[in-house]
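Please read the structure below before turning to the comments.
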Amino acid sequence: MLTGINRRHPNSDLLTELEEWLTRQELVAVPGAFPTPHADPLIRKWSALGVQFAVTTNNSARAAAAYVDTRRLADCFPYIIGRTRDLHLMKPHPHSLLQALDVMDANPSEALMVGDAPTDYAAARAADVRFLGYAGNRPKVVALRKAGAEPSCIVRSLKDVWDALTS
């Protein structure tokens, strides 16, 4: 809806009001958000090994930060890059990934994006960042494969990543 309004009324007060309304709705949804199984311990383990993290999302950065706080993972995510006022820069555009790489002073060839949507895959490709697709169900697998993600780069459970990391 935001992108449609943006096309018709770029930089309008209506767009600003709608984006703020959407952010409020995202913040309301945070307490009921269902955590991805195995994500929290995986993030903590990776972080303990010295891996740097950033959140790159098409959602509000405020909502993403609120969610990270509810999971008690704020210390693992010093960088949260959310939806910008320029909606053309939302994923699949690589803008948020490039920002994350910049603030972390990270080389794209040494980075990994974990995502669950075709737009995540497209953004990672455009930023020359390796991609790991999380597809908790068959339709997500199909969507990531249709977008071009290789089967070897898709996991159905983050427990698989945990097992690989701890073995």
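Bear in mind the structure is a predicted one, so any value in this text is a computation, not a measurement.
- When hydrophobic clusters are built by joining Ile, Leu, Val, Met, Phe, Trp and Tyr residues whose side-chain heavy atoms come closer than 4.5 Å, directly or via intermediates, Phe77 is not grouped with Leu98.
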- [ ] For the pair His88 and Asn6, evaluate side-chain contact (heavy atoms from CB on, under 4.5 Å) and give the outcome as yes or no after the intermediate values.
- [x] CA-CA 9 Å; His88 295 100; Asn6 186 50; 3.3 Å; yes

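- Atom CZ of Arg156 is separated from atom CG of Asn137 by 6.5 Å, given to the nearest 0.5 angstrom.
- Counting non-hydrogen atoms of neighbouring residues, nucleotides and ligands closer than 6.0 angstrom, the CG atom of Asp105 reaches no more than 12 such neighbours.
- Using a 4.5 Å heavy-atom cutoff, the side chains of Trp46 and Val161 are in contact.
- Between Leu89 atom CG and Ile81 atom CD1 the span is 12.5 Å, to the nearest 0.5 Å.
- Ring orientation note: the planes of Phe131 and Tyr121 are nearly perpendicular, at an angle over 60° on the 30°/60° scale.
- Cluster annotation: Leu49 is connected to Leu158 through the hydrophobic network of ILVMFWY side chains, with a link wherever side-chain heavy atoms come within less than 4.5 Å.
- A donor-acceptor contact closer than 3.5 angstrom links the side chains of Ser109 and Asn107.
- Smallest separation of non-hydrogen atoms from Cys76 and Phe53: O-CB, 3.2 Å.
- In the hydrophobic clustering of this structure, Ile43 does not group with Leu97; members are Ile, Leu, Val, Met, Phe, Trp, Tyr whose side-chain heavy atoms approach within less than 4.5 Å, directly or through other members.
- Rounding to the nearest 0.5 angstrom, the gap separating the OG1 atom in Thr84 from the CD atom in Glu19 is 9.0 Å.
- The nearest pair of heavy atoms linking Ala64 to Ile80 is CB-CG2, 3.7 Å.
- In this model, no donor atom of one side chain and acceptor atom of the other lie less than 3.5 Å apart for Arg83 and Ser96.
- With values rounded to the nearest 0.5 angstrom, Met113 atom CE is found 3.5 Å from Asp120 atom CG.
- The minimum heavy-atom distance between Leu27 and Ala66, with the atom names listed, is CD2-CB, 4.0 Å.
- Asp13 CG: 12 or fewer foreign heavy atoms inside a 6.0 Å radius.
- Linking ILVMFWY side-chain heavy atoms closer than 4.5 Å, directly or via other members, places Val51 and Leu112 in a single hydrophobic cluster.
- Of all heavy-atom pairs spanning Asp69 and Ala74, the tightest one is OD1-CB, 3.2 Å.
- For the pair Glu26 (side chain) and Ser60 (backbone), a donor-acceptor distance under 3.5 Å is present.
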TODO: Could you go through the salt bridge (charged side-chain N to carboxylate O under 4.0 Å, His left out) check for Glu20 and Arg62 one step at a time?
DONE: CA-CA 11 Å; Glu20 185 54 38; Arg62 291 185 345 213; 3.1 Å; yes

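- The residues Asp163 and Lys159 are annotated as salt-bridged, a charged nitrogen and a carboxylate oxygen being separated by less than 4.0 angstrom.
- In this structure, Lys91 and Asn58 have side chains that are in contact, with non-hydrogen atoms separated by less than 4.5 Å.
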- [ ] Please test Tyr79 against Thr56 for side-chain contact (heavy atoms from CB on, under 4.5 Å), starting from the C-alpha separation and ending with a verdict.
- [x] CA-CA 9 Å; Tyr79 310 107; Thr56 60; over 6 Å; no

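- Inter-residue side-chain proximity for Pro118 and Lys146 is flagged as unmet; no heavy-atom pair is nearer than 4.5 Å.
- Connection of Val114 to Val68 is established within a shared hydrophobic cluster, with ILVMFWY side chains joined at heavy-atom distances below 4.5 Å, either directly or through further cluster members.
- Side-chain contact between Val142 and Pro139 is absent, with no heavy atoms from C-beta onward closer than 4.5 Å.
- Between Gly133 and Leu144 the shortest heavy-atom distance is CA-CD1, 3.9 Å.
- Put simply, CG on Asp116 and OG1 on Thr36 are 7.0 Å apart, with the number rounded to the nearest 0.5 Å.
- The line from CZ of Arg44 to CG of Leu73 is 4.5 Å long, rounded to the nearest 0.5 Å.
- No more than 12 heavy atoms of other residues, nucleotides or ligands lie within 6.0 Å of CZ in Arg125, so this atom counts as exposed by the packing criterion.
- Under 3.5 Å, the side chains of Arg85 and Thr16 contain a donor-acceptor pair of N or O atoms.
- The two residues Ala126 and Pro94 make their nearest non-hydrogen contact at CB-CG, 3.7 Å.
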Open item on the list: With side-chain contact (heavy atoms from CB on, under 4.5 Å) as the criterion, how do His9 and Leu15 come out once you've worked through the C-alpha distance, each side chain's angles and the decisive distance to 0.1 Å?
Closed with: CA-CA 7 Å; His9 307 282; Leu15 183 62; 5.8 Å; no

